[in-house]
Enquirer: 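What follows is a structure written as structure tokens; I'll ask about it next.
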Amino acid sequence: MAQNLKINQTRGYLKRQSLVDRGEVFNYTFQNFKAQPKTFEYLAKSSAYDIAKGYLRHPNAKGNCIFYGNAGSGKTHLAMAILNAVNDNADPMVRCLFISVNKLIREMKNWFTDKTGIWSPKHVTDVVSKANLVVLDDLGAESANNMATSFVQDTIFDIYESNQRIITTTNLSLDELYRTYHSRLVSRMQESDRRKVIDFSKITDKRPRI
């Protein structure tokens with residue numbers, strides 16, 4: 001019973017505390033990411049796999065990642081694949097967290113008008129600070145006209161202040177990030193070495209069309 005409780009408090013943190021747009025995101029792994037050898041998808045997968053190994057080997061080392069490029073190119077899939085790999089294999093066990101930025105901003109705005117919700121600024125800081133590894137997914141989708149509001153800027157910056165092991169995914173290029181957010185925020189996103197910045201811009205949208 002004690003071991004089951006420990007597993008629920010650590011490995012169970014991912015599904016219990018995360019904010020996702022679609023439940024299927026939890027199923028994204030390296031095994032089900034399709035990539036043919038000698039393609040940009042394969043290179044991205046290999047780079048993400050190396051990042052996962054780094055997080056597993058050095059559970060206390062700080063360092064953020066940023067995945068940027070085209071929509072539908074696999075950024076969310078590989079970011080969650082890293083989380084699942086770390087969540088399932090870290091020894092000792094750690095807490096992982098996935099947050100859809102767009103959904104987070106909606107939930108926080110709802111909290112300001114209806115305090116029965118849980119996603120207050122304090123709750124955001126608490127769940128992020130308790131996690132060992134965090135994914136902030138689809139940064140930029142919440143900002144209309146390529147201009148992030150002060151509320152969004154402050155919220156995102158507080159998240160980076162609360163945790164120094166964050167994987168950010170965004171459809172924006174690095175130049176667009178600097179035009180949308182304060183330079184100190186974009187700089188914080190990239191606080192690591194260049195091997196943890198993956199460019200998906202040469203990968204086309206792989207999502208099925210109706």
Side-chain angles (χ1 to χ4, degrees), residues 13-26 28 48 64-84 95-113 117-192 196-201 205 207:
Y13 198 80
L14 178 59
K15 287 189 176 181
R16 191 172 66 253
Q17 297 291 355
S18 292
L19 270 180
V20 299
D21 292 310
R22 307 178 314 280
E24 67 191 54
V25 170
F26 289 116
Y28 292 164
N64 297 325
C65 302
I66 183 167
F67 297 174
Y68 70 94
N70 300 326
S73 56
K75 299 184 299 297
T76 297
H77 191 133
L78 288 177
M80 179 56 89
I82 293 173
L83 278 192
N84 277 325
R95 294 186 181 97
C96 294
L97 182 70
F98 183 100
I99 293 180
S100 162
V101 176
N102 199 29
K103 187 167 185 177
L104 172 65
I105 299 304
R106 293 199 307 269
E107 292 286 344
M108 291 186 70
K109 287 182 176 178
N110 288 339
W111 178 86
F112 281 109
T113 58
I118 66 170
W119 288 95
S120 65
K122 182 181 184 304
H123 180 73
V124 175
T125 300
D126 286 346
V127 295
V128 172
S129 62
K130 289 177 182 176
N132 178 268
L133 183 61
V134 179
V135 166
L136 280 186
D137 187 56
D138 209 11
L139 183 71
E142 82 295 336
S143 303
N145 302 319
N146 291 330
M147 183 60 67
T149 64
S150 295
F151 169 72
V152 170
Q153 302 258 14
D154 292 343
T155 297
I156 302 301
F157 191 79
D158 285 345
I159 288 174
Y160 282 100
E161 286 285 282
S162 302
N163 199 306
Q164 284 76 53
R165 288 165 64 94
I166 295 179
I167 303 168
T168 305
T169 79
T170 180
N171 295 341
L172 304 179
S173 67
L174 291 182
D175 287 342
E176 289 171 330
L177 283 172
Y178 276 106
R179 290 197 296 269
T180 306
Y181 302 96
H182 294 312
S183 58
R184 66 169 186 162
L185 178 52
V186 182
S187 177
R188 183 62 60 87
M189 295 176 197
Q190 302 177 75
E191 282 187 346
S192 190
K196 291 186 178 180
V197 178
I198 304 181
D199 181 0
F200 286 73
S201 62
D205 190 339
R207 291 174 297 194

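The basis for the numbers below is simple: all heavy atoms, side chains too, and nothing from hydrogens, waters or symmetry mates.
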Enquirer: Nearest 0.5 Å, what's the OG1-CG distance between Thr169 and Leu78?
Expert: 10.5 Å

Enquirer: Does the side chain of Gln153 come within less than 4.5 Å of Leu185's, by heavy atoms?
Expert: yes

Enquirer: Do Val128 and Ile99 have side chains that get closer than 4.5 Å, going by heavy atoms?
Expert: yes

Enquirer: Looking only at the aromatic ring of each residue, does the gap between the centers of Phe98 and Tyr28 stay below 6.0 angstrom?
Expert: no

Enquirer: Between Asn110 and Gly117, is there a donor-acceptor pair closer than 3.5 Å when you use the side chain of the first and the backbone of the second?
Expert: no

Enquirer: Mind checking the CG-CD1 spacing from Leu136 to Ile159? Nearest 0.5 Å is all I need.
Expert: 5.0 Å

Enquirer: How close do Ala131 and Leu97 get, heavy atom to heavy atom, and via which atoms?
Expert: CB-CB, 3.9 Å

Enquirer: At what distance, to the nearest 0.5 angstrom, does OG1 of Thr180 lie from CG of Leu139?
Expert: 8.5 Å

Enquirer: How long is the span from the CD1 atom in Ile66 to the OG1 atom in Thr168, to the nearest 0.5 Å?
Expert: 5.5 Å

Enquirer: Is it true that Ser201 and Asp199 share a donor-acceptor pair across their side chains at a distance under 3.5 Å?
Expert: yes

Enquirer: How long is the straight-line distance from CG of Asn64 back to CE of Met189, given to the nearest 0.5 Å?
Expert: 9.5 Å

Enquirer: According to salt bridge (charged side-chain N to carboxylate O under 4.0 Å, His left out), does anything in residues 155-174 pair up with another residue at least two apart or in another chain? List the pairs.
Expert: Glu161-Arg188

Enquirer: Looking at Phe112 and Phe151, what are the two nearest heavy atoms and their distance?
Expert: CE1-CE1, 3.5 Å

Enquirer: Check whether any side-chain heavy atom of His182 lies under 4.5 Å from a side-chain heavy atom of Phe157, and answer yes or no.
Expert: no

Enquirer: How long is the span from the OG1 atom in Thr149 to the CG atom in Asp154, to the nearest 0.5 Å?
Expert: 8.5 Å

Enquirer: Below 4.5 Å, heavy atoms only, C-beta onward: do Ile82 and Leu133 meet side chain to side chain?
Expert: yes

Enquirer: Donor-acceptor pair, distance only, cut-off 3.5 Å: does the side chain of Glu142 make one with the backbone of Gly140?
Expert: yes

Enquirer: Please lay out, stage by stage, how Thr76 and Asp138 fare under the test side-chain contact (heavy atoms from CB on, under 4.5 Å).
Expert: CA-CA 8 Å; Thr76 297; Asp138 209 11; 5.7 Å; no

Enquirer: Tell me whether Lys196 contacts the main-chain N or O of Gln190 through its side chain, where contact means a donor paired with an acceptor under 3.5 Å.
Expert: no

Enquirer: I want to check something: taking the side chain as every heavy atom from C-beta on, are Val124 and Trp111 in contact at a cut-off of under 4.5 Å?
Expert: no

